[in-house]
Amino acid sequence: MNDVQHDVLVIGSGAAGLTAALALAEHKKVLVLAKGSLTGGSTAWAQGGIAAVLDAGDTFDNHVRDTMVAGAGLNRLETVEFVIEQAPQSIDRLCELGVPFNRDEDALHLTREGGHSHRRIVHVDDATGWAVQEALLNAANANPNITMLPGRSCIDLITGRNAEKYSGDGRIWGAYALNEETGQVESHLARATVLAAGGAGRCYLFSTAPRGATGDGIAMAWRAGARVSNMEMMQFHPTCLYNLEVKNFLITEAVRGEGGHLLHPETGHRFMADYDAERMELAPRDVVARAIDDQIKRFGLDYVHLDISHQPSEFVREHFPTIYDKLIGLGIDMTKGPIPVVPAQHYTCGGVLVGLDARTDLPGLWAAGECTESGLHGANRLASNSLLECFVFGEAAARDILAHWDELSDPPAIREWDATRVSDSDEQVVIKQNWTEIRRFMWNYVGIVRTTKRLERAANRIRLLQEEVEDYYGSFVVTTDLIELRNLLQAAELIVKSALDRHESRGLHYILDYPTTDEIARDTVLVP
């Protein structure tokens, strides 16, 4: 056990965490903790791009309107304006870091995605996230004020309750983290902590999220006393590759943005005309995902077809080289025929409540990225607004911490992690069984289309599992799998509780018992 103190602790090494770390490191010593590898988060998986108004024919007002329409009015206007107006500066900073965005001669090449009224997606082919992750990591590695520790699974935030002189004020002083290599629990102390731990996609059986997206940040903040909001707004990406060998491979929205058609696999019928005749395949994700889900359930299909083979083959290979190469390796040539696709969980729109300064309810804790509910996404995230949110709120957190640094005191003496009353488990199968059960009932009962009865069934399963998991957690040495299971179950409870609290259908929350949308949009806020 070792107590390590830096000025600021950042939990998460994706776009939000590294943006905050780089801004803070101009003045402070920063420690970045990552579960698994430094590139294991969602940032590297982001294919599409970053939304920003850079074309003379586009305006901030257009981007704001598109975001509000996609979010079904649940967005907070001041947040939407705040983020969108800072987008061009974020792109400039990424260019300075060397992100090799696609260009049309001197100008950045802009593509279009579903829900956007204009071309405004800055991208690096169809692998933008990987290029961004690489540039941020290179900059962080080169910065002497940033220390990065991979292989650290955070267990809980350190509060006054963990101090040798007990305090119930909820102030955050860092986090307890499991060193995945040694099996020891470390306490990482700091005057300020930035939570950038990603979403909770792995609550679901089918998800495009990476293996580690188990709601860790949301669950830790909730247990420490922070409010969470809109957890029922779980986005399902309409087009994940249907392949029994390769799971979780996303077919980017831009395939539809560049003219891809959704077809019934047996009849060839272009079915989006039946659901949204005006926008067709460019309708927002919730509309498209529900349409595909309806086709699959109504006709007993395993998948539908996404077809862009009517476009010139050179155009397809040039725009989607990563997807083309991946599919060719699986025996699918997207220049000659359709791609089999199904919806999959894709993005957590709800999370820890934050203001424009990225502050949470808890003193000493800021948060940014997918683990938060900032008001940007509302009831449905507009494509390519997520990386943008990471950059803007990562910067906002750093700005606010530095502006109020003199008000932040040093951590008190903290109690060491007590592992004297636990033993090594000889029943790892319990973790695997519970993990599988959660993901399956969340997919079946809390998926794209919901009912109150299904949600209540899920809530009952969660109550039973909580007793089992808490008993297991209290008896055995912590492992990454156990930490993730505990957090996954906590996130699932918050999603179900939020879904039961919303008596309307809005955006991503579609419930057959309440098919209409209320006149007034209200956030679902849960208080610990």
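In the model, His63 has a side-chain atom that pairs as donor or acceptor with a side-chain atom of Asn385 under 3.5 Å. Donor-acceptor pairing under 3.5 Å is lacking for the side chains of Glu416 and Tyr176. Using a 3.5 Å distance cut-off with no hydrogens or angles, the side chains of Thr39 and Gln133 do not pair a donor with an acceptor.
Salt bridge Arg359/Asp357: present, at least one basic N to carboxylate O contact under 4.0 Å. A salt bridge is defined here as a Lys NZ or Arg NE, NH1 or NH2 lying under 4.0 Å from an Asp or Glu carboxylate O, and Glu253 with Arg256 meets this definition. Of the charged side-chain nitrogens involved, at least one lies within less than 4.0 Å of a carboxylate oxygen, so that Arg152 and Glu186 count as a salt-bridged pair.
Sorted by first then second residue, the salt bridge (Lys or Arg N to Asp or Glu O under 4.0 Å) pairs that include residues 366-395, not counting sequence neighbours, are Arg76-Glu373, Arg93-Glu395. Counting only residues at least two apart or on different chains, the salt bridge (Lys or Arg N to Asp or Glu O under 4.0 Å) pairs with a member in residues 194-219 are Lys35-Asp216, Arg211-Asp481, Arg211-Glu484. Annotation: salt bridge (Lys or Arg N to Asp or Glu O under 4.0 Å) contacts involving residues 62-74, sequence neighbours excluded, comprise Asp66-Arg120. Evaluation of the salt bridge (Lys or Arg N to Asp or Glu O under 4.0 Å) test over residues 217-229, restricted to residues two or more places apart or in two chains, returns Asp156-Arg223, Arg227-Asp361.
With sequence neighbours left out, the salt bridge (Lys or Arg N to Asp or Glu O under 4.0 Å) criterion links Arg279 to Asp276. In this view, Trp435 satisfies the ring pair (Phe, Tyr, Trp, His ring centres under 6.0 Å) rule with no residue, not counting sequence neighbours. In terms of the side chain to side chain donor-acceptor pair (under 3.5 Å) criterion, residue partners of Asn230 (sequence neighbours excluded) are, by chain and number, Asp523. Listed by chain and residue number, nothing satisfies the ring pair (Phe, Tyr, Trp, His ring centres under 6.0 Å) test with Tyr445 (two or more places apart in sequence, or in another chain). Applying the side chain to side chain donor-acceptor pair (under 3.5 Å) rule to Glu113 yields the partners Ser384; only residues at least two apart in sequence or on another chain are considered. Residues passing the side chain to side chain donor-acceptor pair (under 3.5 Å) test with Thr239, sequence neighbours excluded: His237. Residues passing the side chain to side chain donor-acceptor pair (under 3.5 Å) test with Ser498, sequence neighbours excluded: none.
Aromatic pair Phe441/Tyr204: centroids not less than 6.0 angstrom apart. Aromatic rings of Phe236 and Phe206 (six-membered ring for Trp) have centroids beyond the 6.0 Å cut-off, not under it.
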Can I get a per-line list of side-chain donor-acceptor pairs under 3.5 Å for residues 452-459, giving both atom names and the distance, sequence neighbours left out?
residue: Thr452; atom: OG1; partner: Asp513; partner atom: OD1; Å: 3.4
residue: Arg454; atom: NH1; partner: Val449; partner atom: O; Å: 2.9

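Counting heavy atoms from C-beta on, the side chains of Ile218 and Thr348 come closer than 4.5 Å.
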